[in-house]
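Read the structure below first, then the notes.
Quantities reported herein were computed from a predicted structural model and do not represent experimental measurements. Note on naming: letters A, B, ... go to the chains in the order of the sequence lines (proteins, then strands), and numbering restarts at 1 for each one.
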There are 2 protein chains.
Amino acid sequence: MSSNRVTSIDVAKLAGVSQAAVSRVFTPGASVSPRIVEKVRLAADRLGYRPNRLARSLNTGRSGIIGLAIGYLENQFYPELLQQLSASLQTNGYHVLVFMTGNPDEDVDKVVAEILDYQVDGLIAASVGMSSQLARRAQAAGVPVVLLNRSQDDSTMSSVTSDNHAGGRKVADFLVAGGHRRIGYIAGWESASTQRDREAGFREGLAAHGVGLWARARGEFEREAAADAARELFSTGNRPDAVFVANDHMAFPVMDVLRHEFGLRIPQDVSVVGYDDAPPANWPSYDLTTVRQDRPSMVAACVKIILAGIENRDSPPQRIAIDGPIVIRGSARIPPR
Amino acid sequence: MSSNRVTSIDVAKLAGVSQAAVSRVFTPGASVSPRIVEKVRLAADRLGYRPNRLARSLNTGRSGIIGLAIGYLENQFYPELLQQLSASLQTNGYHVLVFMTGNPDEDVDKVVAEILDYQVDGLIAASVGMSSQLARRAQAAGVPVVLLNRSQDDSTMSSVTSDNHAGGRKVADFLVAGGHRRIGYIAGWESASTQRDREAGFREGLAAHGVGLWARARGEFEREAAADAARELFSTGNRPDAVFVANDHMAFPVMDVLRHEFGLRIPQDVSVVGYDDAPPANWPSYDLTTVRQDRPSMVAACVKIILAGIENRDSPPQRIAIDGPIVIRGSARIPPR
DNA sequence: CTTGGTTTTGTATACGTATTCAAACAGGTT
DNA sequence: AACCTGTTTGAATACGTATACAAAACCAAG
């Protein structure tokens with residue numbers, strides 16, 4: 001019932017020491033004698049005192065807050081990422097302040113401003129739409145930025161992705177080895193680096209085997225658009241016998257359309273391969289062959305980079321592409337060995 | 001390149017006014033003449049000034065931060081909730097600081113302490129494991145708390161849930177009307193209020209129709225445990241002809257087990273009903289009949305309560321149960337009308 | 001012009017903590 | 001006992017902003 005605003009001064013009084021002493025007890029690496037530590041700890045516990053992190057940030061210039069700009073969580077890959085990211089930062093003494101950047105029409109300036117208002121120590125941008133502008137602005141303001149699961153031509157910006165080019169290539173190798181010759185591609189949002197890199201690697205791989213791309217449609221990284229894309233590809237007389245879908249999130253509705261609307265059997269009639277290894281990929285109903293994005297490694301790299309950026313304001317930008325295996329499940333014909 | 005720490009004092013100097021004047025310009029409802037507003041705005045824009053929210057919180061006692069304690073995001077219902085919640089709070093000038101409370105073994109005290117360190121204006125607890133203790137502690141510290149999608153016997157705590165009791169009841173009515181008499185139930189984590197209420201409503205409904213519960217197994221709200229539970233229920237000679245699964249997240253693996261391990265057809269051989277209306281419920285592969293939890297309404301209620309609690313420190317606790325319809329899809333036999 | 005009331009402004013202070021600086025202290029050497 | 005060195009300590013100040021208070025400016029009415 002007592003007005004519960006207990007400050008370092010209260011503790012100092014009770015312990016019979018100066019406020020500075022209290023502060024030092026709670027500042028790792030400060031110079032205090034064991035006797036004072038003892039007294040202060042006792043008083044602090046009695047009063048239930050804990051340092052106010054926001055007040056502390058005024059002096060230290062560190063808030064312990066990492067901004068996370070994220071677009072949408074429908075794609076199951078992202079919640080998993082967020083979960084691991086948050087947990088990892090938490091063990092490092094940081095916490096995640098979430099900024100939803102849903103509609104890209106929204107004012108970028110507004111979001112950037114809000115983020116900076118909170119004096120975030122760093123920014124992780126996993127947003128689809130406006131990550132590039134947003135990140136540039138934040139970086140210009142002196143905040144370390146890491147692009148997660150997207151990258152940027154601008155090489156001054158750190159980024160962590162899977163090796164999308166190599167991944168696309170692996171899919172091409174796999175499908176061609178499986179004997180496919182009429183291979184379709186369902187693209188993601190065209191401006192995304194993930195989309196571009198995956199497609200480029202894929203096409204290169206096909207070309208290396210002397211196979212051309214049979215058909216292409218745009219799925220925009222969205223369920224509905226992907227379903228439409230599947231309908232488009234398979235409504236023609238000369239259907240693909242395999243499809244590479246730019247991410248799992250789109251591959252699921254694509255599989256549903258092929259099975260339930262076209263009555264096709266997977267993989268007997270058509271092979272489907274995705275990208276990400278999102279959780280439903282190993283649900284029996286989908287059992288999707290896909291390129292794994294190694295979430296733990298991506299998270300670890302991301303955290304490492306952002307912490308480095310905080311420690312050393314001008315640590316050089318890093319662009320990390322983590323290799324991931326193609327996970328062979330039942331949605332695509334398996335090449336004879 | 002200039003050391004980018006621009007403060008209200010810098011602005012004041014440039015504008016030729018006092019620091020207080022600058023502060024007032026950025027404080028809604030403060031008394032400033034249009035002339036000063038003009039001058040300050042100009043100077044602020046020139047320098048790119050924005051008030052430091054953390055510093056501001058020292059005076060106002062408001063951080064604009066809402067803590068969100070959440071356990072795990074595998075259950076697709078939660079990411080959607082988080083997304084809407086965050087967006088809604090954002091439009092109200094608040095932001096979400098995420099606290100992952102993954103392993104319930106973890107020290108509750110530690111998490112509570114961390115949350116309070118950030119001077120959060122409110123706490124939303126959607127955590128499975130330790131929400132009760134955690135919430136109690138936070139509330140004791142004078143922070144408004146809302147339990148989201150779980151409630152508490154303790155009626156001093158606000159909570160927002162769907163009407164789980166009524167929902168369970170609806171499922172019973174529906175399955176009995178569908179002609180089922182051997183009805184099984186796969187339970188969630190036994191300590192969760194959602195689990196208890198859904199089961200209670202369900203049993204009551206069955207009893208009202210003179211039908212007993214045929215079988216029961218524990219799924220713990222986890223995929224693997226739910227799959228095991230399904231195996232347990234269907235390995236016996238006398239199988240259920242319908243199952244109510246305590247949430248969709250468990251219903252998906254249950255359907256997969258029934259189809260792929262037992263070769264059962266849904267709904268011809270067995271009906272399955274879930275709870276939540278998580279996104280995959282309307283994916284064609286599952287097409288799951290389920291009780292909808294009205295996310296937008298739940299989020300709206302939650303935000304309303306927490307904001308009320310912030311405005312008025314002792315606004316009375318509210319316990320809201322939002323009714324949701326049973327969404328009839330293809331996973332359960334449809335009663336003749 | 002005064003006067004009285006209202007609005008606007010600046011000065012000073014507070015918010016809760018970290019840190020600089022100089023004073024106080026401890027401990028060992030001669 | 002006197003000296004030096006290295007560690008602890010408290011007083012004072014800084015961090016960036018909001019606000020109580022009093023001085024100043026304004027405005028309408030007398």
Sugar-phosphate only, base, or nothing, as touched by [X] at under 4.0 Å among non-hydrogen atoms:
| X | answer |
| --- | --- |
| Thr7(B) | sugar-phosphate |
| Ala21(B) | sugar-phosphate |
| Val22(B) | nothing |
| Arg53(B) | nothing |
| Ser31(A) | base |

Selected nucleotide, minimal atom distance to [X] side chain, candidates [options]:
| X | options | answer |
| --- | --- | --- |
| Arg5(B) | dT9(D), dA18(D), dG16(D) | dG16(D) |
| Arg24(B) | dG10(C), dT17(D), dT17(C) | dG10(C) |
| Ala55(B) | dT9(C), dG16(D), dT19(D) | dG16(D) |

Over how many whole Å does the gap from [X] atom [atom1] to [N] atom [atom2] extend?
| X | N | atom1 | atom2 | value |
| --- | --- | --- | --- | --- |
| Arg56(A) | dA18(C) | CZ | C1' | 8 Å |
| Ile36(A) | dC25(C) | CD1 | C1' | 12 Å |
| Gln119(A) | dC15(D) | CD | C1' | 11 Å |
| Asn52(A) | dC15(D) | CG | P | 18 Å |
| Asn59(B) | dG16(C) | CG | C1' | 10 Å |
| Ile9(B) | dT13(C) | CD1 | C1' | 13 Å |
| Arg62(B) | dT17(D) | CZ | C1' | 16 Å |
| Gln19(B) | dT19(D) | CD | C1' | 10 Å |

*Answer yes or no: is there a donor N or O on one side and an acceptor on the other, between the side chain of Gln293(B) and the main chain of Asn149(B), under 3.5 Å?*
no
*Does Ser18(A) place a side-chain N or O at less than 4.0 Å from the phosphate oxygens OP1/OP2 of dG10(D)?*
yes
*Want to settle it: does Ser33(B) or Leu58(B) sit nearer the 5' end of DNA chain C, counting the closest nucleotide to each?*
Ser33(B)
*Using 30° and 60° as the class limits, which term best fits the ring planes of Tyr78(B) and Tyr72(B): parallel, tilted or perpendicular?*
tilted
*Please state whether the base of dG16(D) and the side chain of Arg50(B) form at least one donor-acceptor pair under 3.5 Å?*
no
_Side-chain heavy-atom pair Leu73(A), Leu73(B) within 4.5 angstrom cut-off_ = no
_Between Ile9(A) and Lys13(A), is there a side-chain heavy-atom distance shorter than 4.5 Å?_
yes
_Cation-pi check, Arg41(A) onto Tyr49(A) ring (under 6.0 Å, within 45° of axis)_ = no
